[in-house]
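Structure first, then comments.
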Amino acid sequence: MAGSGSKGSEEAAVAVQRALLACMGPAAAEQLALAQVRLAWTETVGAAGLSRGGMESRLVRVTNGTGQVEASEAILAQELTLRAEALLGAVNQRMRGRPGATIELRRLVISVGRIGPGRSL
């Protein structure tokens, strides 16, 4: 019975992906892929203990396999840079098998930026 919940979730995710593509067209696939890689990034840095004590990072965009990451503090940016190769592998592993997860990160560019409610777009 434990596996049936996972299968049901996967089927629901596939149905949502199909509905998005039918309603929004090809742009929806790109947005879904970006959402999946951002979620995988957040999960990965959280699991690695890299989002604590008010420090956080976010995947801003992905261009040609290069993920652009903003870190809230210079010390976090340095730590992310040191762990970049392991983080890439972990993020890509988390995305395997997820509906719509078509982006593969090959490289990270990490900078320090303002993150949070005061950030302007």
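The first residue in the sequence is number 1, and the count goes up from there.
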Over all heavy atoms of both residues, which pair between [X] and [Y] is shortest? Give the atoms and the distance, please.
X	Y	result
Gly67	Leu59	CA-CD1, 3.8 Å
Leu80	Ala71	CD1-CB, 4.1 Å
Gly54	Ser72	O-OG, 3.9 Å
Ala90	Thr44	CB-CG2, 3.5 Å
Leu105	Asn92	O-ND2, 2.8 Å
Ser51	Gly46	OG-CA, 3.6 Å

Requested in this report: Evaluate the side chain to side chain contact (heavy atoms under 4.5 Å, CB included) criterion for residues Gln78 and Leu76: first the C-alpha distance (whole Å), next the side-chain angles of each, then the deciding distance (0.1 Å), finally the verdict.
Outcome: CA-CA 5 Å; Gln78 185 177 19; Leu76 178 58; over 6 Å; no
Query raised in the report: Please walk me through it: do Leu39 and Arg98 pass side chain to side chain contact (heavy atoms under 4.5 Å, CB included)?
Result: CA-CA 11 Å; Leu39 175 60; Arg98 288 186 180 181; 3.7 Å; yes
Report task. Check whether any side-chain heavy atom of Val37 lies under 4.5 Å from a side-chain heavy atom of Met95, and answer yes or no. Result -> yes
Report task. Could you list all the side chain to side chain donor-acceptor pair (under 3.5 Å) pairs where at least one residue sits in residues 21-42, not counting sequence neighbours? Result ->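 Those involving residues 21-42 are Trp41-Ser57.
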Query - Distance in Å, Arg83 CZ paired with Leu88 CG, rounded so as to fall on 0.5 Å steps - result: 13.5 Å
Requested in this report: Report the C-alpha distance between Val62 and Gln68 in whole Å, list the side-chain angles of each, state the deciding distance to 0.1 Å, and finish with yes or no for side chain to side chain contact (heavy atoms under 4.5 Å, CB included).
Outcome: CA-CA 6 Å; Val62 178; Gln68 297 178 353; over 6 Å; no
Report task. Check whether the side chains of Thr66 and Arg106 place a donor and an acceptor atom closer than 3.5 Å, and report yes or no. Result -> no
Report task. Indicate if Met55 and Val112 have the same hydrophobic cluster label, given that clusters are the connected sets of ILVMFWY residues with side-chain heavy-atom separations under 4.5 angstrom. Result -> no
Requested in this report: Using side-chain hydrogen bond (donor to acceptor under 3.5 Å, both in side chains) as the criterion, list what pairs up with Glu104, not counting sequence neighbours.
Outcome: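 side-chain hydrogen bond (donor to acceptor under 3.5 Å, both in side chains) check on Glu104 returns nothing, list empty.
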